[in-house]
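Atoms within a ligand are numbered from 1 in the order they appear, just like the ligands themselves. Treat the numbers as computed from the prediction; the structure is a model and nothing was measured.
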Amino acid sequence: MFEELEKIQTAALAALESVQSEALLEQWRIAHLGRSAPLMQVFEKFNSLPKEERPVVGKRANEVKRLLESHLAERSEALHQNALAQALETERLDVTLPGRPIQQGRLHPSTQILRRIYDIFAEMGFQVYRTREVESDEYNFELLNIPAHHPARDMWDTFHTITPGVLLRTHTSPGQIHAMRENAPNPVRVILPGMCYRYEQTSARKEIQFNQVEGLAVGHHITFGDLKGTLIDFARRMFGAAVRTRFRASHFPFTEPSAEMDIECFICGGKGCNVCSSTGWLEILGCGMVHPVVLRNGGYDPKEFSGFAFGMGPERIAMLRYKIEDIRYFWGNDLRFLEQF
Ligand code: PHE
């Protein structure tokens, strides 16, 4: 029995030498410590031994078993460490490799300027009022005091639809009539932003589509002073507290008196440069007191009510602000342009 135990131990340890993987180790365990392993057979034959041999053989057999078990544990740990080291080596990440750049979305420059304009006027109590882009001749012209053969129609080259009397709005001013008719005889204070269309030869300064932001305030005792105060305050918030402004007399059929507002050129500080055509000033909007005829068309009695209106081009403001030299970039969908904002 002793000899047999000795053989079992030597054979098992020798076999263990060549075990190189965790799977093979499991096979080894089954072969040498499993139910039908030779060592276990020794325990089975135990009862057939003479009584006095049993304790010694038993002791030895248990020693062999513990020895094999401890070798198994040792080997298992070593193989496990090995496998781990190998995995770390082959699955290694090079964290110093530069990452793939994440494409970042951004707001269109017109949207950015529009939102800034909304914020400024919201602080002054103006609500955003949206009106249609497809308009009638009546709203785009007639009700704004521009009858069919009025020479001022030349200022708004028009895209007409195939339906007579229906057109793409050439400015946001027809929204004034909608806003007034919806609110009269209550006071209104709104801005009307949106896309406008003109039948034009495109150039660096002219596009067939562009945004406008119209402003309209109608109420009791509204004066030209209110108009100037509102627009000067707007210019300061938009272009900085130090910006200088000036009003020049102008003409629009739907306002009387009418004016255009210039801001001092922020490129050259008023000295004169190619952006301001050496004048030192940049025109940014048209404005005036709502014409009595237009007030009446909107449902207000001009003896009782007065109001002011203005219209500005956000693309033009964006061009000045970011020194964009061609308006056609705005709707060209060129990422090289858009990604700069
Ligand atoms: N609608 C005018 C334009 O398109 C601008 C304007 C609006 C002028 C309101 C006066 C009052 O040029």
Side-chain angles (χ1 to χ4, degrees), residues 110 114 117 121 126 128-133 135-147 150-159 167-180 188-200 205-219 222-224 226-232 234-235 245-263 282-295 297-298 300 302 305-317 319 327:
S110 292
L114 277 169
I117 294 172
F121 282 108
F126 285 78
V128 173
Y129 185 95
R130 298 208 174 262
T131 61
R132 58 201 73 170
E133 291 178 21
E135 268 297 358
S136 61
D137 184 280
E138 192 191 9
Y139 273 80
N140 197 81
F141 293 120
E142 297 279 332
L143 295 169
L144 290 170
N145 203 24
I146 317 171
H150 196 289
R153 286 211 180 198
D154 291 350
M155 281 165 75
W156 296 281
D157 307 279
T158 311
F159 279 118
L167 44 81
L168 293 178
R169 68 174 173 195
T170 58
H171 52 176
T172 42
S173 299
Q176 287 187 32
I177 305 287
H178 290 292
M180 284 192 271
V188 272
R189 206 192 297 169
V190 289
I191 53 169
L192 308 112
M195 199 61 92
C196 301
Y197 305 85
R198 287 188 198 170
Y199 180 59
E200 306 225 56
R205 313 200 53 174
K206 280 187 180 160
E207 246 294 12
I208 58 169
Q209 67 176 91
F210 54 89
N211 282 290
Q212 273 194 350
V213 178
E214 189 92 5
L216 173 72
V218 179
I222 291 183
T223 67
F224 199 87
D226 295 319
L227 170 62
K228 282 185 74 175
T230 303
L231 292 177
I232 291 170
F234 165 75
T245 49
R246 74 174 183 189
F247 287 80
R248 276 179 297 103
S250 184
H251 174 77
F252 300 102
F254 36 90
T255 47
E256 180 58 36
S258 305
E260 279 170 327
M261 186 173 84
D262 297 343
I263 57 166
L282 303 164
E283 184 214 313
I284 62 158
L285 55 84
C287 61
M289 299 307 289
V290 182
H291 196 288
V293 168
V294 177
L295 276 177
N297 290 340
Y300 293 92
F305 288 89
S306 58
F308 65 72
F310 56 85
M312 64 180 79
E315 281 81 34
R316 187 164 158 67
I317 293 174
M319 285 171 82
I327 196 171

Residue portion contacting ligand 1 (non-hydrogen atoms closer than 4.0 Å) for H291:
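Answer for H291: neither.
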
Please state which part of Q212 comes within less than 4.0 Å of ligand 1, counting heavy atoms only: side chain, backbone, both or neither.
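It is the side chain that touches ligand 1; the backbone stays farther off.
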
Against heavy atoms of [X], which atoms of ligand 1 measure under 4.0 Å?
{"X": "W156", "value": "3 (C), 4 (O), 12 (O)"}
{"X": "G286", "value": "6 (C), 8 (C), 10 (C)"}
{"X": "S173", "value": "1 (N), 7 (C)"}
{"X": "F310", "value": "7 (C), 9 (C), 11 (C)"}

To which of C287, G313, P253 does the heavy atom nearest atom 10 (C) of ligand 1 belong?
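Comparing heavy atoms across C287, G313, P253, the nearest one to atom 10 (C) of ligand 1 lies in C287.
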
[atom] [closest protein heavy-atom partner, distance rounded to 0.1 Å]:
{"atom": "atom 5 (C) of ligand 1", "answer": "G311 CA, 4.1 Å"}
{"atom": "atom 2 (C) of ligand 1", "answer": "F254 CZ, 3.8 Å"}
{"atom": "atom 9 (C) of ligand 1", "answer": "E214 OE2, 3.3 Å"}

At a 4.0 Å cut-off, with the gap strictly under it, does some heavy atom of R198 reach an atom of ligand 1?
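In this structure, R198 qualifies as a contact of ligand 1 - some heavy atom is under 4.0 Å.
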
Side chain proximity check, F141 to T170, heavy atoms < 4.5 angstrom:
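In short, these two side chains touch, coming nearer than 4.5 Å.
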
Does a side-chain heavy-atom distance below 4.5 Å link T172 with V213?
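No, side chains not in contact.
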
Parallel under 30°, tilted from 30 to 60°, perpendicular over 60°: which one fits the rings of F126 and F308?
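Aromatic pair F126/F308 classed tilted.
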
Determine, step by step, whether H178 and E135 satisfy the side chain to side chain donor-acceptor pair (under 3.5 Å) criterion, reporting the C-alpha distance in whole Å, the side-chain angles of both residues, the deciding distance to 0.1 Å, and the verdict.
CA-CA 11 Å; H178 290 292; E135 268 297 358; 2.8 Å; yes

F254 and H171: aromatic ring centres closer than 6.0 Å?
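Centroid separation for F254 and H171: below 6.0 Å.
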
Without swapping roles, check the side chain of R316 against the backbone of E283 for a donor-acceptor pair under 3.5 Å.
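Side chain of R316 to backbone of E283, a donor-acceptor pair under 3.5 Å: yes, one is there.
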
Evaluate T170 for polar contact with ligand 1, using N/O atom pairs at a separation under 3.5 Å.
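No, there is no polar N/O contact under 3.5 Å.
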
Pair R130-E214, salt bridge (Lys or Arg N to Asp or Glu O under 4.0 Å): steps then yes or no
CA-CA 10 Å; R130 298 208 174 262; E214 189 92 5; over 6 Å; no

Would you please test R198 and D157 for salt bridge (Lys or Arg N to Asp or Glu O under 4.0 Å) and show each step?
CA-CA 5 Å; R198 287 188 198 170; D157 307 279; over 6 Å; no

